[in-house]
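Throughout, a chain's letter reflects where its sequence line sits, starting with A, and its residues are numbered from 1.
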2 protein chains.
Amino acid sequence: MGAPRPLVRAPLSSQIAERLRDDIRTGAHPPGAQLHEVELAFAFGVSRGPLREAMQRLVQEGLLRSEPHRGVFVIEVSEEDVLDVFFVRAALETAALRRIVDHGDRAGTAAALRAIAKRMDKAMKSGNWAAGGDLDFEYHRTLVDAAGSARLSRTYATVQVETRLCLHRLMGGYRSSTDLAVEHLRLASMIADAGIDDIQKELKIHFGDPDLALRRARDAADAGRAT
Amino acid sequence: MGAPRPLVRAPLSSQIAERLRDDIRTGAHPPGAQLHEVELAFAFGVSRGPLREAMQRLVQEGLLRSEPHRGVFVIEVSEEDVLDVFFVRAALETAALRRIVDHGDRAGTAAALRAIAKRMDKAMKSGNWAAGGDLDFEYHRTLVDAAGSARLSRTYATVQVETRLCLHRLMGGYRSSTDLAVEHLRLASMIADAGIDDIQKELKIHFGDPDLALRRARDAADAGRAT
DNA sequence: TTTTTGCTGATTGTTGACAATCCTACAAAT
DNA sequence: ATTTGTAGGATTGTCAACAATCAGCAAAAA
């Protein structure tokens with residue numbers, strides 16, 4: 001029987017912000033969707049005040065877009081946004097890699113990443129794409145968190161939600177899960193003992209070319225239309 | 001007589017957030033200070049609602065810290081925070097450098113940075129430290145903005161406010177303005193035509209060692225107490 | 001027929017009042 | 001002397017009502 005734990009108490013605004021963040025992440029509120037205050041407040045069983053406060057947080061975070069007197073909308077991700085998200089994501093992961101290699105627990109990080117990669121591979125092989133996708137995100141999040149920088153992790157959390165929104169744009173333009181599994185394991189091994197330049201090159205290959213992915217997505221959409 | 005320009009209209013919450021951000025930046029609300037809702041709402045001439053919304057934005061941004069039922073405070077910057085801010089700042093500026101060198105307007109960026117460096121040097125030489133400090137921030141902000149990434153710039157804006165808060169901790173631990181001016185001009189020249197590895201090395205030298213700066217600040221504070 | 005104006009309903013923006021919580025000071029109990 | 005309990009004041013958290021704005025539609029004017 002350990003020490004008593006402080007009760008977790010958060011204002012409604014915090015709780016709502018977290019719920020909305022989740023709902024955006026899972027697609028319950030898809031890109032471009034308007035969040036109606038009256039309807040949402042009723043659904044959450046609260047007044048509009050704390051709901052508005054929560055939405056202001058997410059506006060500041062960049063996940064929602066506010067138009068005065070017209071409403072608040074889930075951001076839509078243009079092709080330009082996709083490129084920007086991938087650029088910033090690469091910058092953050094690269095910085096994390098440098099920190100891990102310079103001052104981090106290389107072996108521990110590599111082991112954690114390998115474990116996630118194996119679970120992801122297993123999920124994909126059994127056809128559980130949703131779980132596989134979540135594990136893909138967990139892999140990258142673990143990598144960034146291993147750098148031990150609160151600000152880096154916080155920024156990356158937002159970028160990850162935006163990355164999910166980007167995936168709506170990239171359907172059909174992404175690589176096969178076999179490639180991903182192989183690359184995840186290779187990257188984890190390199191983090192254990194390779195040189196920083198080689199690791200960065202591997203990360204760059206892993207990310208692929210967002211321009212190419214966008215083109216593929218466009219081609220796939222065009223092919224779908226021509227049928 | 002040109003075309004009429006659209007009126008710039010923003011909700012009170014946005015305007016207040018911007019004002020508060022400024023006040024934190026300039027030290028009107030110093031680190032650790034509590035922002036009293038009733039007092040502030042009265043000072044701004046508004047009700048507490050939009051003020052609360054504004055504060056939620058800044059909480060999400062990381063500049064304010066909320067304790068439920070106790071209030072909202074300007075963040076305080078621990079030594080650990082100083083190191084983290086400098087780490088993330090370096091990561092963002094490094095990413096910006098890579099983007100500029102790979103795809104940006106190298107000559108244009110170098111020219112803009114040189115101009116700012118000269119104005120900063122002039123301000124410092126005439127003893128105008130406040131203006132010089134502002135220009136130092138403008139130099140780095142211009143560098144990051146030249147990468148053309150909205151998300152990078154937005155993240156950097158927050159990190160810059162936090163950097164200002166860090167300066168409260170580093171008084172006495174910072175280098176002379178002569179070094180800064182020389183380095184700013186050298187970095188700008190390298191951005192025009194040097195290789196990315198050399199530019200990164202120069203940026204790292206320019207940032208110096210935050211650990212060292214913290215130690216110097218501690219030593220200076222100790223010397224002040226021993227007197 | 002087309003364009004402009006006015007009205008209505010829906011939604012957001014703000015306000016003030018009440019509820020909830022915390023902190024401090026003081027009195028009572030141990 | 002120390003600990004516990006209570007009350008009051010200050011502040012934050014939430015709610016409901018009213019104000020302000022926009023979009024769409026119908027009617028009036030050109």
Side-chain angles (χ1 to χ4, degrees), chain A residues 3-21 23-24 28-76, chain B residues 3-21 23-24 28-76:
Chain A
R5 310 226 326 252
L7 289 178
V8 175
R9 303 172 328 148
L12 289 180
S13 51
S14 295
Q15 297 176 53
I16 294 167
E18 202 143 330
R19 282 280 298 277
L20 288 177
R21 201 178 279 117
D23 289 345
I24 292 167
H29 296 300
Q34 174 165 8
L35 304 192
H36 295 279
E37 294 184 10
V38 174
E39 191 180 300
L40 262 189
F42 181 78
F44 283 127
V46 300
S47 78
R48 284 170 49 226
L51 174 74
R52 289 180 59 83
E53 290 180 18
M55 291 201 291
Q56 292 285 335
R57 286 187 169 211
L58 298 185
V59 166
Q60 178 60 38
E61 188 174 345
L63 299 181
L64 296 181
R65 168 177 64 85
S66 168
E67 293 188 29
H69 290 289
R70 298 189 54 210
V72 170
F73 304 81
V74 179
I75 60 163
E76 287 174 292
Chain B
R5 312 231 321 256
L7 290 176
V8 176
R9 301 170 332 141
L12 289 180
S13 51
S14 295
Q15 295 176 51
I16 294 167
E18 202 146 329
R19 282 280 297 277
L20 288 176
R21 201 178 278 118
D23 289 344
I24 292 166
H29 296 300
Q34 174 164 8
L35 303 193
H36 295 280
E37 294 185 9
V38 174
E39 192 181 300
L40 262 189
F42 181 77
F44 282 127
V46 300
S47 78
R48 285 170 47 229
L51 174 73
R52 289 181 59 82
E53 290 181 19
M55 291 200 292
Q56 293 286 335
R57 285 186 172 210
L58 297 185
V59 165
Q60 178 61 36
E61 188 173 345
L63 299 181
L64 296 181
R65 171 177 62 84
S66 167
E67 294 187 30
H69 290 290
R70 299 190 53 209
V72 170
F73 304 81
V74 179
I75 60 165
E76 287 175 290

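In this view, A/H69 satisfies the side-chain contact (heavy atoms from CB on, under 4.5 Å) rule with no residue, not counting sequence neighbours. Considering only residues two or more places apart in sequence or on other chains, B/F44 meets the side-chain contact (heavy atoms from CB on, under 4.5 Å) condition with B/I16, B/R19, B/L20, B/L40, B/V46, B/L51. A/R21 meets the salt bridge (charged side-chain N to carboxylate O under 4.0 Å, His left out) test with A/E61; sequence neighbours excluded. With sequence neighbours left out, A/R70 forms a side-chain contact (heavy atoms from CB on, under 4.5 Å) with A/E67.
Among all heavy-atom pairs drawn from A/E76 and A/P31, the shortest one is CG-C, 3.8 Å. Closest approach of A/Q34 and A/G71 over heavy atoms only: NE2-CA, 3.6 Å. Considering all non-hydrogen atoms of both residues, B/A54 and B/S13 come closest at CB-O, 3.3 Å.
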Give every pair of a protein N or O atom and an N or O atom of nucleotides 7-10 of chain C that lie under 3.5 Å apart, one pair per line with the distance.
none

(request) Assess whether side chain to side chain contact (heavy atoms under 4.5 Å, CB included) is satisfied between A/R52 and B/R52, documenting all intermediate values. (result) CA-CA 10 Å; A/R52 289 180 59 83; B/R52 289 181 59 82; over 6 Å; no
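Whole-Å rounding puts the A/L51 CG to C/dT14 P distance at 15 Å. Atom P of nucleotide C/dG13 and atom CZ of B/R57 are separated by 10 Å, given to the nearest angstrom.
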(message) Each nucleotide in nucleotides 11-23 of chain D should get exactly one letter: B, S or -. Can you fill that in based on protein heavy atoms under 4.0 Å?
(response) SBBBB-B---SSS
